[in-house]
Amino acid sequence: MLQKIDHIAIAVRSIDEALRYYEQALGLTCEKREDVPSQKVRTAFLRVGEIYLELLEPMSLDGTVQKFLDKHGPGIHHISFATDDVAKQLSQAKQAGCQLIHDQPFDGANGKLVGFLHPTSTFGVLTEFCQKKN
């Protein structure tokens, strides 16, 4: 069911500051910015081949990205796998013993349905499944 790595998310304190590095030093281009109020995060997407880098900036002090930054500082937040069915992927992972953060897919950034696996059951890597909404 997995199709590819869709994106790698990077937690940053400021998207504007981080974009200067990614655009000027690496020559990438920000293709899209989006606020995701349900996740209390601002995003920016930069394409590298078929994979995106997703920059995550917290919108509030009580969101999960802010908590990540407080604990770990800026850096890789999660890896996301594209799938044709997030719900089935979550179910398969649960049956295999993974701890789900979300039992059901929900609306995420970039027009996708998403669901997450807890890093305590994925060798320390916050794992996301994503699927384009029809």
Side-chain angles (χ1 to χ4, degrees):
M1 289 189 305
L2 294 182
Q3 300 166 338
K4 66 176 185 172
I5 294 174
D6 184 79
H7 64 271
I8 298 169
I10 301 167
V12 299
R13 298 192 195 287
S14 165
I15 284 177
D16 290 333
E17 185 178 315
L19 280 176
R20 282 193 291 278
Y21 163 70
Y22 287 100
E23 292 181 329
Q24 294 173 13
L26 300 183
L28 301 176
T29 301
C30 179
E31 292 187 3
K32 181 179 182 180
R33 287 182 182 226
E34 180 180 354
D35 287 354
V36 186
S38 65
Q39 297 299 301
K40 301 177 183 180
V41 68
R42 288 186 177 89
T43 65
F45 291 89
L46 304 104
R47 182 186 293 273
V48 182
E50 293 186 26
I51 297 173
Y52 282 96
L53 295 180
E54 177 187 30
L55 304 181
L56 304 171
E57 175 188 315
M59 292 175 68
S60 74
L61 297 176
D62 66 339
T64 58
V65 173
Q66 181 62 54
K67 291 175 185 175
F68 177 91
L69 287 167
D70 291 344
K71 186 173 182 179
H72 304 285
I76 293 176
H77 182 264
H78 69 267
I79 185 167
S80 180
F81 294 96
T83 179
D84 55 357
D85 191 329
V86 172
K88 281 186 181 178
Q89 203 72 55
L90 290 169
S91 177
Q92 177 181 331
K94 185 175 183 176
Q95 289 176 7
C98 292
Q99 179 183 347
L100 305 184
I101 295 177
H102 308 99
D103 289 325
Q104 296 296 320
F106 63 94
D107 289 339
N110 210 17
K112 295 186 178 164
L113 292 174
V114 301
F116 286 85
L117 304 179
H118 198 281
T120 58
S121 62
T122 58
F123 300 94
V125 179
L126 179 60
T127 301
E128 177 186 46
F129 299 123
C130 68
Q131 169 188 350
K132 288 184 182 180
K133 289 192 277 185
N134 294 333

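Being a predicted model, the structure only gives us computed values, none of them experimental.
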*For T83, which of Q89, K4, E128 qualifies under side-chain hydrogen bond (donor to acceptor under 3.5 Å, both in side chains)?*
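Among the candidates, only Q89 passes.
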Kindly indicate whether the side chain of [X], heavy atoms from C-beta on, has any atom under 4.5 Å from the side chain of [Y].
X    : Y    : result
F81  : I5   : yes
D103 : K94  : yes
V86  : K112 : no

What distance do [X] atom [atom1] and [Y] atom [atom2] have between them, rounded to the nearest 0.5 Å?
X    : Y    : atom1 : atom2 : value
L56  : T43  : CG    : OG1   : 7.5 Å
I10  : H78  : CD1   : NE2   : 10.5 Å
L55  : F45  : CG    : CZ    : 9.0 Å
Q131 : Q3   : CD    : CD    : 8.5 Å
L126 : H118 : CG    : NE2   : 8.0 Å
H7   : N110 : NE2   : CG    : 8.5 Å

*Is there a donor-acceptor contact under 3.5 Å linking the side chains of Q66 and D70?*
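Short answer, yes.
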*What do the steps show when you test S14 against D16 for side chain to side chain donor-acceptor pair (under 3.5 Å), and what is the final call?*
CA-CA 5 Å; S14 165; D16 290 333; 5.1 Å; no
*Take atom NZ of K132 as the centre, draw a 6.0 Å sphere, and report whether it contains more than 12 heavy atoms from other residues, nucleotides or ligands.*
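No, the 6.0 Å shell around NZ holds no more than 12 heavy atoms from other groups.
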_Atom NZ of K88: over 12 foreign heavy atoms under 6.0 Å_ =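 No, not enclosed.
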*Plane angle bin for F68 and H77 - parallel if under 30°, tilted between 30 and 60°, otherwise perpendicular*: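 Answer is perpendicular, since the angle exceeds 60°.
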*Give the intermediate values and the outcome of side chain to side chain contact (heavy atoms under 4.5 Å, CB included) for residues I101 and L117.*
CA-CA 5 Å; I101 295 177; L117 304 179; over 6 Å; no
*asked:* Looking at every non-hydrogen atom in both residues, tell me the closest pair between D35 and R42 and how far apart they are.
replied: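 Heavy atoms of D35 and R42 come nearest at OD1-CG, 2.9 Å.
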*Shortest non-hydrogen separation from Q39 to F106 and the atoms involved*: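 Reported closest heavy-atom pair: NE2-CE1, 3.2 Å.
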*asked:* The test is side chain to side chain contact (heavy atoms under 4.5 Å, CB included); show your working for V125 and I76 and say whether it passes.
replied: CA-CA 9 Å; V125 179; I76 293 176; over 6 Å; no
*asked:* So does A109 get a backbone contact from the side chain of E34, meaning a donor-acceptor N/O pair under 3.5 Å?
replied: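 Not confirmed, E34 side chain does not pair with A109 backbone.
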_Flag, side chain of E23 to backbone of C30, donor-acceptor distance under 3.5 Å_ =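 Yes, the answer is positive, given that a donor and an acceptor are paired below the 3.5 Å cut-off.
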